2 protein chains.
Amino acid sequence: MNYKMIRYVLSWVLRVEGVLMLLPAFIGLLYREEAGWAYLIMAAVCGAAGFLICLRQPKDREIYMKEGLVTVSLSWIVMSLFGALPFVLTREIPFYIDALFEIVSGFTTTGSSILTDVEALTHASLFWRSFSHWIGGMGVLVFILMLLPVKSGSMMNLMKAESPGPAVGKFVPRVRNTAKLLYRIYIALTLVEILCLLIAGMPVFDTICLSFGTAGTGGFGILNSSVASYTALQQWIITIFMILFGVNFSSYFLILCKKYKSALLSEEVRMYFLIILSAIALITWNICSQYAHIGDALRDAAFQVGSIITTTGYSTTDFNQWPELSKYILILLMFIGACAGSTGGGIKVSRILIMLKTIKKEMTSLIHPRSVKCIKFDKHPLEHEVLRSVNVFFITYMVLFVFSMLAISFDEFSLETNFTAVAATINNIGPGLDGVGPMSNFGAYSWFSKIILILDMLVGRLEIFPVIILLNPSTWRRKC
Amino acid sequence: MNYKMIRYVLSWVLRVEGVLMLLPAFIGLLYREEAGWAYLIMAAVCGAAGFLICLRQPKDREIYMKEGLVTVSLSWIVMSLFGALPFVLTREIPFYIDALFEIVSGFTTTGSSILTDVEALTHASLFWRSFSHWIGGMGVLVFILMLLPVKSGSMMNLMKAESPGPAVGKFVPRVRNTAKLLYRIYIALTLVEILCLLIAGMPVFDTICLSFGTAGTGGFGILNSSVASYTALQQWIITIFMILFGVNFSSYFLILCKKYKSALLSEEVRMYFLIILSAIALITWNICSQYAHIGDALRDAAFQVGSIITTTGYSTTDFNQWPELSKYILILLMFIGACAGSTGGGIKVSRILIMLKTIKKEMTSLIHPRSVKCIKFDKHPLEHEVLRSVNVFFITYMVLFVFSMLAISFDEFSLETNFTAVAATINNIGPGLDGVGPMSNFGAYSWFSKIILILDMLVGRLEIFPVIILLNPSTWRRKC
């Protein structure tokens with residue numbers, strides 16, 4: 001294990017976090033809030049800590065698979081441990097575990113909150129929460145690595161560990177350039193959303209925070225009613241951008257290259273839109289009796305569907321009051337999640353597609369035992385390795401889900417509450433149903449359950465293996 | 001597709017069912033019930049239908065994989081379609097879909113009921129319900145094939161399709177002899193249970209019905225309170241026998257051969273007992289505050305754990321009133337299920353074990369990328385084919401689960417009701433929680449949902465593929 005290199009990367013994570021904290025500090029000072037100073041102090045602390053833990057560049061800068069996994073999860077944990085401190089310092093979230101829950105929820109773009117009254121927060125903290133979504137959405141590590149002198153192979157190992165989806169695609173030969181392109185698309189889309197919302201008449205501060213939350217598919221709102229109190233037009237804009245940020249970013253790359261046909265033919269993206277449209281249609285039909293105008297039903301259905309399938313987690317209505325069918329569809333969407341290669345969480349549409357194709361192949365081979373058929377994806381045959389990794393991912397995901405539920409059921413909340421609490425955190429959604437529905441929060445859980453849910457959020461964002469490799473004692477044995 | 005052979009097997013299924021119906025007819029006449037005549041008439045109808053649909057032995061007696069799968073599921077469906085008729089004829093269950101639900105629940109050893117008042121049934125029908133568990137537990141098709149002149153390879157294809165578990169083991173070289181041995185163990189264990197219960201002072205009729213239900217891991221009771229009103233000793237006897245019928249029958253075979261050490265070293269059986277003991281301990285600790293004596297808590301915990309993990313479904317208490325942790329553990333046990341090669345349902349302990357080993361292997365290969373490790377089971381390396389089939393089984397199982405829930409959620413029952421209704425039927429358990437808890441029943445569902453749940457029961461008992469191959473249009477295309 002290359003400990004020096006891990007320390008080196010961590011030191012840079014802290015330095016960058018220090019710089020990032022200057023923004024909420026600035027916002028705080030702009031609004032003449034004391035909290036601004038807390039963020040300024042923490043920015044200095046992060047920077048200093050970053051310099052202290054690693055004074056020299058290591059000679060051996062190689063990162064292998066194991067180091068990559070460990071580095072990624074450690075980075076996210078260290079970033080969260082420091083990122084939670086401002087909340088405690090400003091006494092807005094006095095208990096550290098609660099503050100940690102909140103910031104992990106931010107960085108992992110979950111959006112689950114332990115706060116009852118969001119509106120009581122300072123502008124600095126509101127901004128820091130939303131900003132954490134934006135930072136976490138694209139992954140901070142790949143960004144840092146673009147700045148550091150790391151070899152392409154090592155960078156690939158870190159990208160694999162941090163990026164969601166069954167396989168990391170390179171659009172252009174060099175990893176570094178692929179990463180740069182991704183960040184450009186991300187920033188451009190965010191700016192367009194900010195612009196659209198400003199034109200639609202939303203206040204500047206709200207615009208920036210909500211756009212950060214949409215872009216990272218996070219879900220922290222700045223009002224207790226989430227997005228319900230904004231105008232219909234503003235809600236529609238957010239709906240559209242949520243759905244756009246759930247699309248596989250390689251489609252945007254193809255569009256930039258003017259390969260419109262390939263972008264439109266992506267099986268995953270087509271399936272993604274098919275699921276969204278079917279879900280909106282079914283839910284609108286199911287809830288329209290509760291509304292005076294079908295347009296309102298459609299808007300609420302579209303917003304909630306977009307919010308849940310992209311794992312954003314904003315809400316415009318208390319969908320806990322919806323009929324069972326609609327609630328069940330939302331739960332399904334929680335698990336399906338967004339496209340691979342987007343900022344969204346969940347199992348991912350491409351994995352679902354691959355699993356459905358596996359079933360189809362099994363049936364074909366039972367009916368025609370002698371036929372040899374391979375599974376194709378986007379017209380290319382799928383490698384055995386990808387299939388295997390999808391299977392293992394799914395099985396591990398289910399096992400972790402089951403054990404998380406077991407761990408938090410000591411708290412004696414209802415089955416629906418516990419089930420959706422784990423679903424909402426492991427899929428990085430935000431709100432669940434019943435006791436953790438959109439009008440409730442996660443504050444009532446014990447500290448033990450909160451730690452479990454924090455781990456679930458990390459597991460969901462980093463796609464399981466980085467976290468369990470970090471927690472596996474045999475990773476740390478000298479001999480290996 | 002060898003249609004003639006399929007018809008030939010189906011004709012024998014009906015003839016044997018006709019003979020089997022003579023037993024409830026006899027019971028009915030013994031108790032001087034009119035229902036006895038209904039069963040007698042139906043026995044004649046089944047026999048006649050059996051003779052009519054196939055008058056001659058087919059020349060080509062080969063059964064390939066596809067025919068095997070189709071034959072097995074068709075046999076179970078035909079058996080159920082005729083087996084439901086006596087309930088309608090005696091007007092005890094006037095609606096045919098309800099009667100079908102009841103008898104499919106019987107044959108698939110589920111034990112879910114649509115009846116509110118079981119005690120209102122005649123002895124003949126009570127006996128037929130329990131007897132159907134016993135018939136379905138071991139599978140009627142393999143029994144029939146022992147009598148027919150079918151080649152060993154064809155028989156293996158049918159056994160594979162009807163027997164639960166990831167792989168069919170042959171104890172002795174000839175398939176026919178393996179099947180005979182299994183039936184002998186099954187009958188012997190049932191007789192021992194009847195004897196034990198008689199000695200413990202249970203009435204003869206109750207003894208026979210309850211033993212049938214235990215042996216098939218079915219769960220139809222003959223009292224509205226299921227097993228709650230029997231004595232503590234009788235409950236303990238049933239607990240022990242439920243657990244024994246959930247053990248892989250190959251262990252009994254090894255014991256018969258005096259290979260005690262191999263029987264004890266079976267990983268699956270050890271895991272099975274480990275799960276049972278942990279679950280009993282946790283639940284006893286969790287519920288003991290609700291009981292005056294810890295002995296009562298232990299007895300109820302052991303009974304419910306044994307009943308649920310073996311997918312029997314008897315109950316001695318309304319576990320819907322238990323704390324959330326205990327309820328959640330029971331739900332977990334529903335999915336785990338019994339050992340492969342037993343009469344129980346669920347995912348099966350061996351599949352769970354194989355999946356856990358897959359995760360462990362994945363972690364090892366991430367930590368030591370160059371190590372080559374194969375997964376071992378009972379000290380033998382697992383074939384790739386078995387691993388693949390376990391993965392595909394699990395994925396298909398989850399997909400069917402999700403779609404079944406979607407289909408029945410149009411009925412607008414609570415999430416917990418729908419979730420446990422599907423879990424209880426697809427795992428062949430019997431009762432679920434909330435609206436389908438041990439003190440409630442499945443009668444409130446619409447006919448559409450009942451059909452979905454009927455299919456789930458068949459899917460659970462026949463381990464998915466026979467049923468979906470039957471329902472797949474491409475199975476029936478001429479060209480193939």
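Each chain gets a letter, A, B and so on, in the order its sequence line appears, and its residues count up from 1. In what follows, every heavy atom counts, from backbone to side chain, and hydrogens, waters and symmetry copies are set aside. Values in this document were obtained by computation on a predicted structure and should not be read as measured data.
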Contact winner vs chain B - Val402(A), Leu433(A), Leu282(A), heavy-atom pairs under 4.5 Å | Val402(A)
Part of Leu69(B) lying under 4.5 Å from any heavy atom of chain A | side chain
Most chain A-contacting option - heavy-atom pairs closer than 4.5 Å, from Thr364(B), Asn286(B), Leu415(B) = Leu415(B)
Contact class of Leu356(B) relative to chain A, heavy atoms under 4.5 angstrom | side chain
Is it possible for you to check whether Arg351(B) lies under 6.0 Å from the centre of the six-membered ring of Phe393(B), through NZ or CZ, and within 45° of that ring's axis?
-> yes
Looking only at Phe335(B), Phe410(B), Tyr64(B), most heavy-atom pairs under 4.5 Å shared with chain A are made by Phe410(B)
Between the side chain of Thr417(A) and the main-chain N/O of Phe413(A), is any donor-acceptor distance below 3.5 Å?
-> no
Hey, is the main chain of Ile336(B) close enough, under 3.5 Å, to the side chain of Lys348(B) for a donor-acceptor pair?
-> no
Given that the side chain runs from C-beta out, which part of Ile352(A) has a heavy atom under 4.5 Å from chain B: side chain, backbone, both or neither?
-> neither
Donor-acceptor pair, side chain of Thr425(A) and main chain of Ala421(A), under 3.5 angstrom | yes
Partner chain B: residue of Met65(A), Glu416(A), Glu362(A) with the largest heavy-atom pair count (under 4.5 Å) | Glu362(A)
When the 4.5 angstrom heavy-atom criterion is applied to Val399(A) and chain B, the contacting part is side chain
Is the distance between the ring centroids of Phe419(A) and Phe401(A) under 6.0 Å?
-> yes
Under 3.5 Å, side chain of Asn320(B) to main-chain N/O of Asp434(B), donor-acceptor pair present?
-> yes
Chain A shares the most heavy-atom pairs under 4.5 Å, among Ile329(B), Thr358(B), Asn472(B), with Asn472(B)
Most contact-rich option vs chain A, by heavy-atom pairs under 4.5 angstrom, among Lys361(B), Arg388(B), Glu67(B), is Arg388(B)
Any donor-acceptor pair under 3.5 Å linking the side chain of Asn427(B) with the backbone of Met334(B)?
-> yes
Here the gap from Leu455(B) atom CG to Phe403(B) atom CZ, rounded to the nearest 0.5 Å, amounts to 15.0 Å
Residue Ile408(B) versus chain A: region with a heavy atom under 4.5 Å | neither
Begin with the C-alpha distance, continue with both residues' side-chain angles, and end with the deciding distance and a verdict on salt bridge (Lys or Arg N to Asp or Glu O under 4.0 Å) for Glu412(B) and Lys327(A).
-> CA-CA 10 Å; Glu412(B) 290 298 327; Lys327(A) 272 161 57 171; over 6 Å; no
In terms of heavy-atom proximity below 4.5 Å to chain B, should Asp411(A) be classed as side chain, backbone, both, or neither?
-> neither
Where does Ile331(A) contact chain B at under 4.5 Å (heavy atoms): side chain, backbone, both or neither?
-> side chain
What part of Leu332(B) gets closer than 4.5 Å to chain A, counting heavy atoms only: side chain, backbone, both or neither?
-> side chain
